[in-house]
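This report refers to the structure that appears directly beneath it.
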2 protein chains.
Amino acid sequence: MESILIIEDEVDIAKLVGFNFERNGYLVDIAHDGREGLKKILENQPDLVILDLMLPEIDGYKILKKMQRDTRSHSIPVIMLTAKSQIDDRLKGLELGADDYITKPFSPKELILRAKAILKRNRVTPVAEDFSLGPFRFDKNALAFFINHEALSLSLIEFRLFLFLCQRAGQSQDRNDLLKFVWGYSDEIHSRTLDTHMKRLRKKLGKEGSFIETIRGIGYRVRQPE
Amino acid sequence: MESILIIEDEVDIAKLVGFNFERNGYLVDIAHDGREGLKKILENQPDLVILDLMLPEIDGYKILKKMQRDTRSHSIPVIMLTAKSQIDDRLKGLELGADDYITKPFSPKELILRAKAILKRNRVTPVAEDFSLGPFRFDKNALAFFINHEALSLSLIEFRLFLFLCQRAGQSQDRNDLLKFVWGYSDEIHSRTLDTHMKRLRKKLGKEGSFIETIRGIGYRVRQPE
DNA sequence: AAAATATGTGACGAAAACGTCACATATTGA
DNA sequence: TCAATATGTGACGTTTTCGTCACATATTTT
């Protein structure tokens, strides 16, 4: 279960917020001043901190600063609670590493939503799904293509076609198979569509275009890099 | 053992062909009309289909079309059986994705030979790199998208955007993150570009578009299917 | 209820993607 | 060397994609 630490000196607000988080399935802890808050952060390392900026003992900025400096806390996300007027303060807070803020008065619902968003964002570590060959890299999640670490935008068909060829580098692919894979059918009829796409690809690839070899009578091949 | 499905309404021919394949070490199944044939294709996913074009219930073209659109069948090779005269029909069949044809009357020996050739060619199946979520499937190599096994063509941006959301299903992604991922920047300026793309996506997805939820004040989320 | 804010949508024009054709060029085999 | 065959390429028109705007609708706040 994910844990939330609420650092808020106004007891009513703390209770209200705490209640709402509990109702949404979070483990809630409350600290009523800055000193206590910081102690609990470092000791319990909650998954998220809701931090009022105006606090007795140690104010919110000081907490943010300390959190930043300490490895036990510097990656814990923080949502600030601020009064409506404190615009500069919010900016200062964001600079100090807070992830979000919400102005008083606020709706508990919105706070929960933001909290969820932040918690989940911090949880995702999407697996990179890349395919690399020589100077080429395909990011299959981003649908992005790189050549020597530089982005190069390929059209959908170009991406498909070149990925197909690169994944089978060293093997020549015959025209029918290419047509079938990329277009879903093989017309058998010889239009120059495939050639045109190869031409465009080679042009986009610049000097690396020479990786694409023509296998006369068969189709194309991407040369296996050394 | 490799399995062959023969879809042929003339019982004698079906038996003859079936016998010959069995003698050559294949697992044979027979369907006597189109409806039955299609059902068996989808259920059993044979390694090869021998398909008579003239069939009761559902004709051969319809079967080819449906096979193409359905992920469970679109890569299963097909050899058509056609009458000598039906030249146009053969072309039509090849366009629809059939791999080969043979004209009646034919020698079982020739049919077996062609079948062997096709099966051999199809044996190399590169590893599919798929991401699935509920009714959705992304083929990251083919850059193809499927909804309930049916292909649906998405534009590059739509593919990127929806894959991103689906891979983080259940978590709301805020507008900035989406902009940043899909467009590489987040201008902060509120144009309606993102919304427009979401609208188009929802429309293309049809009734499954309801999987995309709007999180007001945050961004969007793809609902976690049960 | 009215105002303020956020999201949804149809329409439009610009740009990119795409397929095809005619013709150029290259390769092969006789 | 000369056909025959295969691939390369520029140009063109069509279709799709894309971003933006104005305005509609929905939700929240005052």
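All values reported here derive from a predicted model rather than from experimental measurement. In what follows, every chain begins at residue 1, and chains take the letters A, B, ... in the order their sequences are listed.
- Out of C/dG19, C/dA17, D/dC18, the shortest distance to the side chain of B/Arg200 is found at D/dC18.
- Computed from coordinates, the A/Lys199 NZ to D/dA11 P distance equals 9 Å when rounded to whole Å.
- Distance, B/Leu201 CG to C/dG8 C1': 14 Å, rounded to whole Å.
- When distances run from any side-chain atom of B/Leu156 to the nucleotides D/dC18, C/dT20, C/dC18, the shortest one goes to D/dC18.
- Nearest nucleotide to the side chain of A/Ile157, out of D/dC18, C/dC18, D/dG19: C/dC18.
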> When every nucleotide of nucleotides 2-7 of chain C is labelled 5' to 3' by its protein contacts under 4.0 Å (heavy atoms), B for base, S for sugar-phosphate only, - for none, what sequence of letters results?
Replying inline: ---BSB

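- As rounded to whole Å, 11 Å separates atom P of D/dG19 from atom CG of B/Leu161.
- Axis orientation changes by 30° from one end of the helix from C/dA1-D/dT30 to C/dA30-D/dT1 to the other, with each end axis drawn from 5 pairs and the value rounded to 10°.
- Put simply, NE2 on A/His197 is 15 Å from P on D/dT9, counting in whole angstrom units.
- Ionic pairing of B/Asp195 and B/Arg202 is not present here: no N-O contact between side-chain nitrogen and carboxylate oxygen is shorter than 4.0 angstrom.
- For B/Lys204, the NZ atom counts as densely surrounded, since its 6.0 Å shell holds more than 12 non-hydrogen atoms of other residues, nucleotides or ligands.
- The shortest non-hydrogen separation linking A/Tyr220 to A/Thr214 is CE2-OG1, 3.6 Å.
- Residue B/Lys203 contributes atom NZ, which lies 13 Å from atom P of D/dT16 at whole-angstrom precision.
- Rounded to whole angstrom, the span from the CG atom of B/Leu179 across to the C1' atom of D/dT20 amounts to 14 Å.
- Aromatic ring pairs are classed by plane angle as parallel below 30°, tilted from 30° to 60° and perpendicular above 60°; the pair B/Phe138 and B/Phe162 is tilted.
- Look at CZ on A/Phe159: it is 18 Å from C1' on C/dA16, rounded to the nearest Å.
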